[in-house]
Participant: 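Got a structure here, written out as structure tokens. Questions coming.
Side chains included, hydrogens not; waters and symmetry mates left out as well; all remaining heavy atoms used. Note on naming: letters A, B, ... go to the chains in the order of the sequence lines (proteins, then strands), and numbering restarts at 1 for each one.
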Amino acid sequence: MGRGELSAAPLPRSFFDRPSHEVAPDLLGRVLVHGPVAVRLTEVEAYGGPGEDPAAHTYRGRTPRNAVMFGPPGHLYVYFTYGMHFCANLVCLPEGSGSAVLLRAGEIITGLDEARARRAPALAPDGRGPATGKAKVVPDRDLARGPARLAVALGLLREHNGLDAIWEGSPAALPPLAEDGTGHGTEDGTGHGTGHAAWLTGLPHGFAAVLEGRPAGPGTIRSGPRTGVSTAKDTPWRFWVGDDPTVSPYRVHVPRRRSSAATSVGEAPSS
DNA sequence: CCTCAGATTTACT
DNA sequence: GTAAATCTGAGGT
């Protein structure tokens, strides 16, 4: 597929100084870099501020967990959920507002080997190999397909909560867009790894930046209800790139009954 | 392809 | 106590 060039120009902080539902669609096609891995965003969700969005972590005000969302725009809000997963957001609006955009999925642009290694299946407890015994491989299109997977692929953890994603140095300090493609771009399987440029491979580990990339065309942007939320189902603040294979499958929120909890009494099963 | 259930921390009722 | 901005492997269709 002939895709256009991706711009490595960093987005300014003012890009994020807007309501999250305006920033979110504009983030599609942009590139988030963290260390050696860069992801082209293909799916995001906007979350509003306190008192206005019942699905948002900030709905009931500031807590230790969501404090970063009340900070200045352009920072990463990384939270821990479901007891085992991290998810990453980019903070919007001025300090004190408490809104952000959840990063739900994307395509790995650089650092493919690093991302594959991070997403490789965990070994069995005895360390004798993959837990299943079969050497399963995560397809490249699934490396960052889903918010927790995206966080893993980018290496985003609790310690990166609050990390600034705005490049405030001189643009000249950014490495040149080397185009050698020798280290990356080895195709396999999916057929959509088109030898991406090896730009940014010289950037230091541990920093984050959002680059212009190649904004999704207005005609390719889709929107709908947010995934997995139990409230505000009529708010279409999930945005994704239509027909992109890295967009995660939509799932309606289904409250899960705890297995050990008492089952309901006198409830006839509805078939 | 699909649905089911388990893993397991955090915040709030 | 329990729902939550989730993922994964198992097993059925």
Participant: If you look at every strand shown and take non-hydrogen atoms under 4.0 Å, does A:Arg65 touch a base, only sugar-phosphate, or nothing?
Facilitator: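 Sugar-phosphate only.
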Participant: Atom CE of A:Met84 and atom P of B:dA5: how far apart are they, to the nearest Å?
Facilitator: 16 Å
Participant: Nearest-nucleotide wise, let me know which of A:Arg119 and A:Met69 is further upstream toward the 5' end of DNA chain C.
Facilitator: A:Met69
Participant: Could you summarise the pairing of DNA chain B as dot-bracket text, marking Watson-Crick and G-U pairs under 3.5 Å with ( ) or [ ] inside the strand and | across strands?
Facilitator: |||||||.||||.
Participant: Quick one: do A:Asp164 and A:Arg13 make a salt bridge, cutoff under 4.0 Å?
Facilitator: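 Yes.
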Participant: Under 3.5 Å, is there any donor-acceptor pair linking the side chain of A:Tyr79 to the base of C:dA5?
Facilitator: yes
Participant: Given side chains that start at C-beta, do those of A:Arg30 and A:Leu211 come closer than 4.5 Å, heavy atoms only?
Facilitator: no
Participant: Could you tell me whether the side chain of A:Glu43 and the main chain of A:Val241 form a donor-acceptor pair under 3.5 Å?
Facilitator: no
Participant: Indicate, with a heavy-atom threshold strictly under 4.0 Å, whether A:Arg149 touches base, sugar-phosphate, or nothing.
Facilitator: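 Counting heavy atoms under 4.0 Å across all strands, the contact made by A:Arg149 is with sugar-phosphate only.
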Participant: Just to confirm, is there a sub-4.0 Å distance from OP1 or OP2 of B:dT10 to any side-chain nitrogen or oxygen of A:Arg158?
Facilitator: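 Answer is yes, contact under 4.0 Å.
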Participant: Does a side-chain N-to-carboxylate-O contact under 4.0 Å join A:Arg145 and A:Asp140?
Facilitator: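 Judged by the 4.0 Å cut-off on N to carboxylate O distance, A:Arg145 and A:Asp140 do not form a salt bridge.
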Participant: Would you please confirm or rule out a distance under 4.0 Å between OP1 or OP2 of C:dT6 and any side-chain N or O of A:Arg104?
Facilitator: yes
Participant: Is there side-chain contact between A:Leu103 and A:Asn89, with at least one heavy-atom pair below 4.5 Å?
Facilitator: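 No - every pair of side-chain heavy atoms lies 4.5 Å or more apart.
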Participant: Touch check for A:Arg238, heavy atoms < 4.0 angstrom, all strands: base, sugar-phosphate only, or nothing?
Facilitator: nothing
Participant: Please report, rounded to the nearest Å, how far the C1' atom of C:dA5 is from the OH atom of A:Tyr77.
Facilitator: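 Rounding to the nearest Å, OH of A:Tyr77 and C1' of C:dA5 are 9 Å apart.
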Participant: Is A:His160 reaching over with its side chain to a backbone N or O of A:Leu157, donor-acceptor style, under 3.5 angstrom?
Facilitator: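 Answer holds: yes.
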